[in-house]
Number of protein chains: 2
Amino acid sequence: MATRQAPAKEKLIGAAVKVVREKGFNATSVDDLCREAGVTKGAFFHHFPTKVDLGIAAAEAWKLHANELFGGAPFMAAEDPLDRILGYLEFRRDMLDGPIGEFTCLVGTMVQESYDTLPALREACQDSIWGHALTLVDDIEAARVRHGVTGDWTAESLALHTQGVLQGAFILAKAADDPRAARDTADHLIRYVRMLFNLAPETKE
Amino acid sequence: MATRQAPAKEKLIGAAVKVVREKGFNATSVDDLCREAGVTKGAFFHHFPTKVDLGIAAAEAWKLHANELFGGAPFMAAEDPLDRILGYLEFRRDMLDGPIGEFTCLVGTMVQESYDTLPALREACQDSIWGHALTLVDDIEAARVRHGVTGDWTAESLALHTQGVLQGAFILAKAADDPRAARDTADHLIRYVRMLFNLAPETKE
DNA sequence: TGAAACATACCAACTGGTCGGTTTCGGAGT
DNA sequence: ACTCCGAAACCGACCAGTTGGTATGTTTCA
C-alpha cells in the first residue's frame, strides 16, 4: 500500500528541518539543502517546484513528527487528563536543554520570516502549530470537567497559550544563547496551569 | 553637547526597524533599506561598516524606544507597583491590534534568524530584550513586598516570562495572520500575574 | 580648508531556478 | 527467465538577477 517513497525527497525534508532550525529559512540556500541532504539540485527541483514548497513540506512533516512524539510519550498513559497535560508540559520543559538548534521549533522560526512575504508557507506553519495545539484541547476540557474548574477562558485558548509560551521560551533561549530563561518560563507556565486547576505548586525534588 | 546627528544614519535605523519587522533581517537587502530610507548605498556604508552593524544599531534604538514608550505611559503613575505591572501588561495586550508588522518585536524577529550565525547581532538582541525586561524587576519586587507574596519564583524570572509570553504571542499572531490568539495569550498572562498576587480575575466591562 | 557626509558606478560571489541529459525500476509481453 | 518500455528519479552544467560590499569621486559644513 505505502508506495515506496523516494529517498531524496525524505532526505531533503530532513535536511530542511535541521538546517532551517539553525540558520532560518531565508539564510538557507537551495545549495545548502542539497549539500546537507547529499542530493543534487536536479533532484531538488524534481521533487519540489520551489524552495518554498520544501518549506511547506517540512512544516507538514514537523506537525506529524510532533504529534507522534508527544502522543506516544509515557505521560499520555496517565488516567487523569490533568496529569496528561501537566506531564506534557513538564516533558516539554525538560526538553529545553542541550544545543539550542535541537529543541527549538521549525515552524515558529519559519513563520517569523514568512508571514508577510510567503503566504503559503505562513499558512503551513499555522496549520502545524494549530494542529499540534488542538491535540491538547480534549484533555483540557476533560480536566476541567473532572476537577470542576470553570473560569473565564476556553480550552482552545489555553492550548494555544501553552504553544505561545513555548515559542517565547525558544526566543529567550536563542537570545541568551542559553536555555535557562526558557526553562524558567516553562516553569511559570506549569505553575499557571496548576493554579488554574487549584493544585499546589509543583514540589521540587 | 549632543552632536547634531546626521539624518541619513537615523533614517536608516528607522527604515531597518520598519522593513526588518515586515520581512525579516535576511530577506531585507541593503538596497531595500536604502530605498526605504531615501538614501544611497554610499551613505549606508559610510555610516555602517556592514549590514549587520545596522541591525545592531536598530536593536539598540529599539530598546531605547521601548523603555521610553512604556516608562512614560500613564499607568506608570500608579502608586501601587502591582498596578503599574498590571497596567503595563494590559497596555501591551491592548497594543495587539491592527497590522501585524506594527506591534511585533524587532529584536525577537532578528534573533530567530541570527542566533547561530551572527553572534554580534544575537548579543545586541539579548541586550535589548533583557534591558527592557529588567525595567520590570523593581516593581515586581516592590509588589511582592507590598502584597506579602512569596512563592518559588524570582522577580527576574517573572519579568523575563512576561517578555517571553509576548514574543510567543507575536508568533501566534504572525502564524494566524490575526492578533486574536495573541490577545488571548496576553489575557492568560495577566490572569497568571493576578493569581500570583492573590487578586480576583480581571473583570470584563 | 579639511574632514565628515553623501553619491554613483561597479564587482565578484551567490541566489533560486532551468534544461537537456542519463540512470533506475516496476511491470507487460513473450 | 528475459527483454523491453515508459515513467519517474536523478544528475550537473548553466543562466539571469540579486547580493553585500568597494572604489572613486563630489558636496556640505564647522
Side-chain angles (χ1 to χ4, degrees), chain A residues 1-20 22-59 61 110 113-114 116-122 124, chain B residues 1-20 22-59 61 110 113-114 116-122 124:
Chain A
M1 171 121 302
T3 46
R4 165 145 164 51
Q5 179 81 278
K9 192 166 186 174
E10 285 169 4
K11 280 193 282 184
L12 281 165
I13 291 175
V17 169
K18 183 186 172 200
V19 183
V20 171
E22 286 166 4
K23 315 209 308 177
F25 183 77
N26 288 317
T28 301
S29 71
V30 172
D31 284 321
D32 288 338
L33 293 163
C34 291
R35 202 176 313 121
E36 177 71 28
V39 148
T40 63
K41 242 173 166 181
F44 186 110
F45 287 101
H46 173 73
H47 290 288
F48 302 100
T50 72
K51 182 184 151 189
V52 170
D53 288 288
L54 172 55
I56 292 170
M110 285 200 296
E113 301 180 70
S114 69
D116 197 45
T117 46
L118 306 169
L121 185 53
R122 192 226 94 226
Chain B
M1 169 116 304
T3 46
R4 163 140 164 57
Q5 179 80 279
K9 192 167 184 172
E10 285 168 5
K11 280 193 283 184
L12 280 165
I13 291 174
V17 169
K18 183 184 171 200
V19 183
V20 171
E22 287 167 2
K23 315 208 309 177
F25 182 77
N26 288 316
T28 302
S29 71
V30 172
D31 283 321
D32 288 338
L33 293 163
C34 292
R35 202 176 313 121
E36 178 71 27
V39 147
T40 63
K41 243 173 166 178
F44 186 110
F45 286 101
H46 174 73
H47 290 288
F48 302 100
T50 71
K51 182 185 152 188
V52 170
D53 289 287
L54 173 55
I56 292 170
M110 284 201 296
E113 300 180 71
S114 69
D116 197 45
T117 46
L118 307 169
L121 185 54
R122 192 225 93 225

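Note on naming: letters A, B, ... go to the chains in the order of the sequence lines (proteins, then strands), and numbering restarts at 1 for each one. Worth saying up front: this structure is predicted, and the values here are computed from it rather than measured.
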Rounding to a whole Å, what distance do you find between [X]:[atom1] and [N]:[atom2]?
{"X": "A/Leu121", "N": "C/dG16", "atom1": "CG", "atom2": "P", "result": "14 Å"}
{"X": "A/Arg35", "N": "D/dG12", "atom1": "CZ", "atom2": "P", "result": "15 Å"}
{"X": "A/Lys11", "N": "D/dC11", "atom1": "NZ", "atom2": "P", "result": "8 Å"}
{"X": "B/Lys51", "N": "D/dG21", "atom1": "NZ", "atom2": "C1'", "result": "12 Å"}

Query raised in the report: Has B/Lys51 got its NZ or CZ under 6.0 Å from the middle of the six-membered ring of B/Phe25, at an angle within 45 degrees of the ring axis?
Result: yes
Report summary line: In terms of heavy-atom contacts, A/Thr28 and A/Val20 come closest through OG1-CA, 3.9 Å
Report summary line: Among the nucleotides D/dT22, D/dT19, D/dA9, whichever has the atom closest to the side chain of B/Phe45 is D/dT22
Query raised in the report: Hey, is the side chain of B/Lys41 pairing donor to acceptor with the base of D/dG20 inside 3.5 Å?
Result: yes
**Report entry** Check: A/Asn26 main-chain N/O paired with A/Glu113 side-chain donor or acceptor under 3.5 Å
**Finding:** yes
**Report entry** Contact under 4.0 Å: A/His46 side-chain N or O vs D/dA8 OP1/OP2
**Finding:** no
Requested in this report: Tell me what B/Ser29 touches on the nucleic acid: a base, only sugar-phosphate, or nothing, going by heavy atoms under 4.0 Å.
Outcome: sugar-phosphate
Query raised in the report: Using 4.0 Å as the upper bound for N to carboxylate O, is an ion pair formed by B/Lys41 and B/Asp31?
Result: yes
